[in-house]
Amino acid sequence: MQNKHKHPPLSSDVIIGMIDTGIWPESPSFNDDGIGEIPSRWKGVCMEGYDFKKSNCNRKLIGARYYDSIQRTYSNNKTHMAKPDDSPRDFDGHGTHTTSIAAGAKVANVSYHDLAGGTARGGSPSSRIAIYKACTLDGCSGSTILKAIDDAIKDGVDIISISIGMSSLFQSDYLNDPIAIGSFHAQQMNIMVVCSGGNDGPDLYTIVNSAPWIFTVAASNIDRDFQSTVLLGNGKTFQGSAISFSNFNRSRNYPLAFGEDVAAKFTPISEARNCYPGSLDTQKVAGKIVVCTDDDLNIPRQIKKLVVEDARAKGLILVSEDETVVPFDSGTFPFAEVGNLSGLQIIKYINGTKKPTATILPTRDVPRYRPAPTVAYFSSRGPGQYTENILKPDIMAPGVAILAAVIPEKEAGSVPVGNKPSGYAIKSGTSMACPHVTGAAAFIKSFHHGWSTSMIKSALMTTATIYDNTGKPLQNSSHHFANPHEVGVGEINPLKALNPGLVFETTTEDFLQFLCYYGYSEKNIRSMSKTNFNCPRISIDRLISNINYPSISISNLDRHKPAQTIKRTVTNVGCPNATYISRVHAPVGLEVKVFPKKIVFIEGLTRVSFKVLFYGKEASSGYNFGSVTWFDGRHSVLLSFAVNVE
C-alpha cells in the first residue's frame, strides 16, 4: 500500500522538509559546496519575501515557503508594513538550529564563544533541505502546520521534521490534531514524519505527537558538560552547571547573600528565596552575588536571572537538583547552578560567616562526561494519553546543550566583550532531539533508498542503545534506571541501524486498523484517509497492541485471565539464509513466552511471524518493562515491551 520514490541511492538526493520558524540562509551550515544539481523530481518553490530572495536558496537549501496565518488584502492607498512573518527568514533562531542539526553542511572551527569548539555537521550533511515556515511571532497555528505538511508532500520531500507540539494539557485526539492528520497523509505517501515528544517532563502522560505513524522522540544529554566554578571566601569550590561568559576571576571575591536575607519589605521569605519578580530589595542586593533556590519551577531560570540582574546583583548562584543537567545560557552575567548538597553547604557558609564572599568563574567545557546518555528531566514521558497500547516515546536522541547554527546574536549582554556575534549557539529541548533522528533517518535512506518509512523507523528502534558510557543501563534524571516510558526503546545508534537484520513493517492498513480499534467510525476514517477502508468486524481497544509495531505495549493485562497473545511479523533484510534465536528479558513474576523460539529464513522466504505470550498471574501490579531480543550471531533485534498488570 506504500508508494516508493524512485531515485538513486545518493545522500544528496534525500530531501528533508523542516516545518519550523524559518531559516537564516547565510549560515555556512547551508552552504552547497560539493552538492550536485537539484533532483528533477523536486516540485517545490523558493518564495521571496521582503528580506529573502530566490538567490538565498541554493543546491542545499532547495525550497522555502512561508505562510500568512491571517489572509489579508491590502488596498493600494494603504502602506503594507513588512514584518518578520512575510518571509521564510527565521525570526527566532529555532528553525535554523533544528535544520542545521538535521542536515547542516560540514563547517570547521565553530564554537559558541570558544565553548564546544570543533567541526559542526548535521546528521545527514549532504541531504537537501526545504523550509516551511509555519510558525510566526504569534505562534504556530494548526491549520498552517497542516498546510505546510500537505505542501511538503506535494513538493516531494522524503522526510518531514517537526519540532513543534501542543502542550500536553491541551492535546487533541488523533483525528482532531493537525500534526497527526497531516502526518497520516505523509505516511500514506511513504514520507516519514519525525516529531519532538515535548518538554513537559518528568511527569507521566505528558508525551505529545504520539500517533503510531509519527516517530516520537525523547531527549537525552551527551558526553559533554558545561561547568562554572563557584569559589567561596573560605577557599571551598563547587562545580555548577552553566553557560556563562563571566569576566570574574580568582583574584577578586564579591559579597554573597541568600535571597531570603535580602528580601524586599512585606515580601514572603519563600518568594525572596526563590527570587520571585519584585521580591528582592535592590539596595540590599546591589553589588552582591545572590543565592536563589528553585523550589517553585513556575518561575523559570531566565526570569530569576533577570530579577537579580535588575536588582543590580553581581551574579546568581541557583540551587536546583533537576535542572543542573541542562546548562542555562546567562550570556555575560555571572551564573552557576548547583545541586542541593552543594547549595546547602553554600547557604551554611553564608549563615555561619560574618562577611561571606564568593566569585563565579567563566564556563569551561567538560569532555567525556559520565554517565551519558541519560534522560533529560524536561523530556516528556509516556504512556500516551489517548492509548496505552502503543509504546511512546519511540526513541531517544541528544537534546541537551546541542551546538548548532542560529541567527547571529543581537542582544546586548549576550556577547562577551571583544567577541563578534556568534552564528552558533547551544540549545536544549526535544526540539533538538527530533532533528537528530531526522538526520539519522535520512542517512539510512541514502543507503537503503528502497526501504519504506516503517523499515527505517524499525531499523533505528530495534538497534537502539540501552546502555550508557559507563556500561550500565540508561538512567533517568533522578539517577534511577530509565524505563521505556522515558527513553522509548533506547538511544539512537545510526551506524548499527544501517544493518538491522530484521525489521517490523507497519503498513497504512495497520494504521487504519488502529483507528478502527481506537473507536473512530468507518465514515470518519474514510474521510480523513481518502480510502474506502472497511473496519474489522471486531474493533476493540486492546487489539491496538497487535498492529505490527517495533515495540509492544499492553494497557491492561488481567492477572486473573489467561495469557494475552501478541503477534508480530518480521522481514529479513540481512543474509537470505539466517536463523534467529529469541531471548526474553522480563521482570520477576511476569511470565513471557515466545513461540516459536527459533525463526528460520531461507532464500525466497523473507517474512516470518511469531507470537509473544504474557502471563501476569505472579507479576507486580502496574507497569512491567522488558524486551524480547532476536539474535542470529551477528544482529541483535530488540523488541521492547511495557505491560500494565492489573
Side-chain angles (χ1 to χ4, degrees), residues 168-169 171 173 197-198 200-208 210 212 216 218 322 374-375 377 379-396 461 464 466-467 472-490 514 517-519 538 540-547 549-568 582-595 610-629 638-646:
S168 58
L169 298 174
Q171 283 190 71
D173 65 280
D200 289 339
D203 295 339
L204 298 175
Y205 296 98
T206 49
I207 194 78
V208 297
S210 61
T216 313
D322 288 335
T374 62
V375 187
Y377 81 92
S379 188
S380 289
R381 269 53 166 183
Q385 284 184 28
Y386 289 103
T387 180
E388 295 187 34
N389 288 315
I390 294 288
L391 180 56
K392 290 286 176 168
D394 288 309
I395 205 160
M396 189 167 74
M461 287 175 68
I466 55 173
Y467 298 101
K472 291 179 181 166
L474 295 171
Q475 293 182 25
N476 61 23
S477 45
S478 303
H479 312 297
H480 299 123
F481 290 145
N483 69 54
H485 288 149
E486 299 168 315
V487 303
V489 295
F514 164 84
Y517 299 153
Y518 181 75
I538 299 172
I540 53 174
D541 182 70
R542 71 191 303 246
L543 291 175
I544 289 172
S545 301
N546 257 337
I547 74 165
Y549 208 71
S551 59
I552 293 173
S553 188
I554 298 174
S555 66
N556 181 3
L557 181 67
D558 190 334
R559 68 173 71 249
H560 303 298
K561 289 187 177 173
Q564 183 164 340
T565 302
I566 302 295
K567 183 186 171 189
R568 288 290 186 270
S582 64
R583 192 169 62 232
V584 172
H585 175 71
V588 175
L590 181 69
E591 196 178 346
V592 182
K593 291 184 177 176
V594 181
F595 182 79
F610 63 91
K611 291 174 181 175
V612 186
L613 284 69
F614 294 92
Y615 302 81
K617 191 177 178 184
E618 307 293 329
S620 302
S621 292
Y623 268 100
N624 287 247
F625 303 103
S627 60
V628 173
T629 305
L638 181 75
L639 179 65
S640 295
F641 61 74
V643 178
N644 188 23
V645 178
E646 293 184 348

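All values derive from a computational prediction rather than experimental measurement.
- A pairwise comparison of heavy atoms in Ser210 and Thr216 identifies CA-OG1, 3.9 Å as the closest pair.
- With contacts defined as side-chain heavy-atom distances shorter than 4.5 Å, the pair Ile552/Arg568 qualifies.
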Residue pair Ile544, Ile390: steps toward the side chain to side chain contact (heavy atoms under 4.5 Å, CB included) verdict: CA-CA 7 Å; Ile544 289 172; Ile390 294 288; 3.6 Å; yes
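- Between His485 and Leu391 there is a side-chain heavy-atom pair separated by less than 4.5 Å.
- In this structure, the separation between NZ on Lys567 and NZ on Lys611 is 7.0 Å, given to the nearest 0.5 Å.
- Minimum interatomic distance between Pro393 and Gly382 (heavy atoms only, all atoms of both residues): CD-N, 4.0 Å.
- Looking at every heavy atom in both residues, Tyr467 comes nearest to Pro473 through CD2-N, 3.6 Å.
- At distances below 3.5 Å, at least one donor-acceptor pair connects side-chain atoms of Gln171 with backbone N or O atoms of Ile207.
- Under the 3.5 Å distance criterion, the side-chain polar atoms of Arg559 are left unmatched by any main-chain donor or acceptor of Val645.
- Arg542 has its side chain out of reach of Asn556: every pair of non-hydrogen atoms, C-beta onward, lies at least 4.5 Å apart.
- No side-chain heavy atom of Tyr517 sits under 4.5 Å from any side-chain heavy atom of Asn546.
- Pairing each heavy atom of Tyr205 with each of Gly384, the nearest pair is CD2-O, 4.0 Å.
- Proximity of a side-chain donor or acceptor of Asn644 to a complementary backbone N or O of Ser555 within less than 3.5 Å is detected.
- To the nearest 0.5 Å, atoms CD (Glu388) and OG (Ser545) are separated by 10.5 Å.
- Atom NE2 in His560 sits 10.5 Å away from atom CD in Glu646 (nearest 0.5 Å).
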Working for side chain to side chain contact (heavy atoms under 4.5 Å, CB included), residues His585 and Thr629: CA-CA 8 Å; His585 175 71; Thr629 305; over 6 Å; no
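- Crowding of Ile538 atom CD1: a count of heavy atoms from other residues, nucleotides or ligands under 6.0 Å not exceeding 12.
- Put simply, the side chain of Leu557 does not reach to within 4.5 Å of the side chain of Asn624, judged on heavy atoms.
- Under the 3.5 Å distance criterion, the side-chain polar atoms of Thr374 are left unmatched by any main-chain donor or acceptor of Gln475.
- Side chains of Tyr549 and Asp394: a donor-acceptor N/O pair is present below 3.5 angstrom, by distance only.
- For Glu591, the salt bridge (charged side-chain N to carboxylate O under 4.0 Å, His left out) test picks out Lys593, with sequence neighbours left out.
- Contact record, Gly490 with Leu474: CA-CD1, 4.1 Å, taken as the closest heavy-atom pair.
- For the pair Pro383/Tyr623, a side-chain contact is recorded, criterion being any heavy-atom separation below 4.5 Å from C-beta on.
- Between Pro202 and Arg381 there is a side-chain heavy-atom pair separated by less than 4.5 Å.
- Closest heavy-atom contact between Pro484 and Phe625: CD-CD2, 3.2 Å.
- Interatomic distance, OG of Ser627 versus CG of Leu638, reported as 5.0 Å (0.5 Å rounding).
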Audit row: Ser640, Met461, side chain to side chain contact (heavy atoms under 4.5 Å, CB included) steps and yes/no: CA-CA 9 Å; Ser640 295; Met461 287 175 68; over 6 Å; no
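- A donor-acceptor pair under 3.5 Å links the side-chain atoms of Asn389 to the main chain of Asp541, judged by distance alone.
- Within the 4.5 Å cutoff, the side chain of Val612 has no heavy atoms near those of the Phe641 side chain.
- Atoms OH and CD1, from Tyr518 and Ile540 in turn, are 15.5 Å apart once rounded to the nearest 0.5 Å.
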Residues Asp200, Ser380; criterion side-chain hydrogen bond (donor to acceptor under 3.5 Å, both in side chains); working and verdict: CA-CA 5 Å; Asp200 289 339; Ser380 289; 4.8 Å; no
